[in-house]
Amino acid sequence: MTHPALTDLRRPRLLVNAARFALEDYNRSVMLPRLLHLLRLPAPGHALEALIETEAEVNATRLTGSATYSIPEHIALLAALLAEAHICDATARTTAQNPLERPADAA
């Protein structure tokens, strides 16, 4: 299942492949505060929203050819985006499958 936030995302294959490779080392408690400049970890949904915005800004910098563009930062953002989307999908599936979380009239 692909998270809706990622369905329209189009990035160069090399960046996406590097981000997938970087997923092996993803640690949200270390990466999110650094990437999003936060002191506390946000919930996965909030982190995903912030990552989408931040990655879009970095991608715009890439497209303009700015000297401030950082490939390693972009790869880290894409890896975090993929990981957080996966976490959100897993959370949604778990919530949907848990009968205690369903409304009483849905049974």
Side-chain angles (χ1 to χ4, degrees):
M1 183 168 159
T2 303
H3 194 277
L6 302 179
T7 55
D8 293 333
L9 195 66
R10 301 286 179 254
R11 299 297 179 261
R13 182 174 288 166
L14 185 60
L15 279 176
V16 174
N17 288 341
R20 286 185 181 137
F21 184 74
L23 278 173
E24 294 177 16
D25 297 326
Y26 181 71
N27 181 339
R28 80 183 307 267
S29 63
V30 173
M31 297 296 289
L32 284 180
R34 183 178 67 80
L35 292 171
L36 300 176
H37 310 288
L38 301 172
L39 297 177
R40 294 184 331 181
L41 283 177
H46 295 295
L48 186 59
E49 290 175 16
L51 286 166
I52 290 168
E53 291 176 19
T54 304
E55 191 280 332
E57 292 169 5
V58 169
N59 192 57
T61 303
R62 176 184 70 85
L63 293 173
T64 62
S66 174
T68 62
Y69 174 69
S70 168
I71 294 171
E73 177 188 9
H74 201 173
I75 292 169
L77 279 166
L78 287 170
L81 191 63
L82 292 171
E84 292 298 317
H86 180 73
I87 291 169
C88 286
D89 284 346
T91 302
R93 280 193 305 271
T94 301
T95 302
Q97 292 172 355
N98 186 347
L100 297 176
E101 297 293 325
R102 290 185 184 166
D105 59 342

> Is the closest side-chain heavy-atom distance between Pro33 and Leu41 below 4.5 Å?
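A side-chain contact under 4.5 Å exists here.
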> Can a donor-acceptor pair be found between the side chains of Ser66 and Thr68 at a distance below 3.5 Å?
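Checked: Ser66/Thr68 side chains pair up, N/O donor to acceptor below 3.5 Å.
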> Do any pairs count as a side chain to side chain donor-acceptor pair (under 3.5 Å) and have a residue in residues 36-53, sequence neighbours left out, and if so which ones?
none
> With side chains defined as the heavy atoms from C-beta onward, is the minimum distance between Leu81 and Thr54 less than 4.5 Å?
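A side-chain contact under 4.5 Å is absent here.
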> What pair of heavy atoms forms the shortest contact from Thr64 to Thr61, and how long is it?
OG1-O, 2.9 Å
> Using a 6.0 Å cut-off, check whether atom CG of Leu14 has over 12 heavy atoms from anything other than its own residue.
no
> Hey, quick one: are Leu77 and Val16 part of the same hydrophobic cluster, counting side-chain heavy atoms closer than 4.5 Å, chains of contacts allowed?
no
> Applying side-chain contact (heavy atoms from CB on, under 4.5 Å), can you list everything that pairs with Ala18, at least two apart in sequence or on another chain?
Ile75
> Can you name the ring pair (Phe, Tyr, Trp, His ring centres under 6.0 Å) partners of Tyr69, sequence neighbours left out?
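Scan of Tyr69 (ring pair (Phe, Tyr, Trp, His ring centres under 6.0 Å), adjacent residues dropped) gives His74.
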> Same cluster or not: are Leu15 and Phe21 linked, directly or through other Ile, Leu, Val, Met, Phe, Trp or Tyr residues, by side-chain heavy atoms under 4.5 angstrom apart?
no
> If you define the side chain from C-beta out and look only at heavy atoms, does anything of Leu23 sit under 4.5 Å from Leu82?
yes
> Restricting to salt bridge (charged side-chain N to carboxylate O under 4.0 Å, His left out), what partner residues turn up for Arg28, sequence neighbours left out?
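Salt bridge (charged side-chain N to carboxylate O under 4.0 Å, His left out) list for Arg28, sorted by chain: Glu84.
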> Show the nearest heavy-atom pair for residues Leu32 and Ala47, with the distance to one decimal.
CD1-CB, 3.9 Å
> Quick one: list whatever passes side-chain contact (heavy atoms from CB on, under 4.5 Å) with Asp25, sequence neighbours left out.
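Asp25: no side-chain contact (heavy atoms from CB on, under 4.5 Å) contacts found.
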> What are the two closest heavy atoms between Ala76 and Leu35, and how far apart are they?
O-CD1, 3.7 Å
> Tell me, please, which residues at least two apart from Arg62 pass side-chain hydrogen bond (donor to acceptor under 3.5 Å, both in side chains).
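If we apply the side-chain hydrogen bond (donor to acceptor under 3.5 Å, both in side chains) test to Arg62, skipping adjacent residues, the hits are Asn59.
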